[in-house]
Amino acid sequence: MTSNGLVRLCHLYPDHLNIYADRGNIAVFQRRLEWRGLAMEVVEVGPGDAIPPHCNLYYLGGGQDRDQELVAADLAGKARPLRDAAAGGAVVLGVCGGYQLLGHGYTGAGGRRMPGIGLLDLETTAGEPRLIGDVVLDVTLEGWTGTVVGYENHAGRTHLGAGCTPLGHVRRGWGNNGADGGEGAVVGRTVGTYLHGPLLPKNPRLADILLGWALDHAGLPPVLAPLDDSLEQDAHTVAITRTGRKR
Ligand code: GLN
């Protein structure tokens with residue numbers, strides 16, 4: 001619980017899971033809070049470090065299979081405090097490789113299965129070809145309906161169980177597995193997605209939903225004053241237009 005306008009973010013494995021400008025997502029969280037007179041403290045956690053108590057948001061970025069292999073066992077050892085944090089209402093965001101490790105496990109291209117932390121009811125297995133390209137999703141989240149744009153590049157095919165729902169439905173792109181039209185996964189305040197590039201600069205509404213949850217967890221009013229997002233919206237629109245031209 002914080003009372004001084006401070007949101008605490010735990011950045012898990014910043015030296016390993018950072019393949020697609022993941023720090024850009026954290027910069028968006030920080031700036032969107034600062035523009036509202038709030039602040040974010042970032043705690044970086046690597047292999048062997050304990051999960052800090054009292055964080056409001058936990059972030060796991062993307063990585064190549066070999067990077068995921070370097071952290072998967074360590075992350076599995078942190079499953080309990082992370083699951084407790086999520087059960088207590090903290091936000092968890094996993095992108096691509098981090099998303100896969102929020103599930104039950106990921107069998108990489110080399111055939112070895114890495115354990116996940118089971119926060120999301122899903123399983124991932126690498127396949128061919130890699131699923132690459134621009135993505136546009138139709139999303140309904142926290143009473144908001146709109147589009148989320150991004151880029152995907154993954155070998156993993158992710159299949160969701162009954163315990164979570166897709167973040168969105170693919171209008172353009174491959175999504176979780178290229179077959180069922182779903183992309184990402186949500187349960188409670190845990191969100192996973194294959195979209196990176198990074199995810200949040202072009203999707204300010206999604207950033208604010210996650211920040212609202214984090215503020216609520218911090219014991220702060222979860223109301224965020226509107227910002228001038230015209231630049232972000234232009235980038236969002238360009239992403240949709242560009243994708244429309246390609247396919
Ligand atoms: N290594 C994983 C895969 O290829 C995740 C890739 C990523 O994080 N971009 O599916």
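Whatever order the structure lists them in is the order used to number ligands and atoms, beginning at 1.
- A pairwise comparison of heavy atoms in C10 and V45 identifies SG-CG2, 3.6 Å as the closest pair.
- Using a distance-only test at 3.5 Å, with no hydrogens or angles considered, a donor-acceptor pair links the side chain of R157 to the main chain of E128.
- Salt-bridge formation is detected for the pair D216/R189: a Lys NZ or Arg NE/NH1/NH2 atom is positioned less than 4.0 Å from an Asp or Glu carboxylate oxygen.
- Closest approach of L120 and C164 over heavy atoms only: CD2-CB, 4.3 Å.
- Protein residues with a heavy atom closer than 4.0 Å to ligand 1 are Y20, G62, G63, Q64, D65, Q68, C96, G97, Q100, Y106, R130, N153, H154, A155, G156, H196, listed by chain and number.
- Around the CZ atom of R113, the shell of radius 6.0 Å holds more than 12 heavy atoms that belong to other residues, nucleotides or ligands.
- N176 places no side-chain N or O within donor-acceptor distance of the main-chain N or O of T158, the cut-off being under 3.5 Å.
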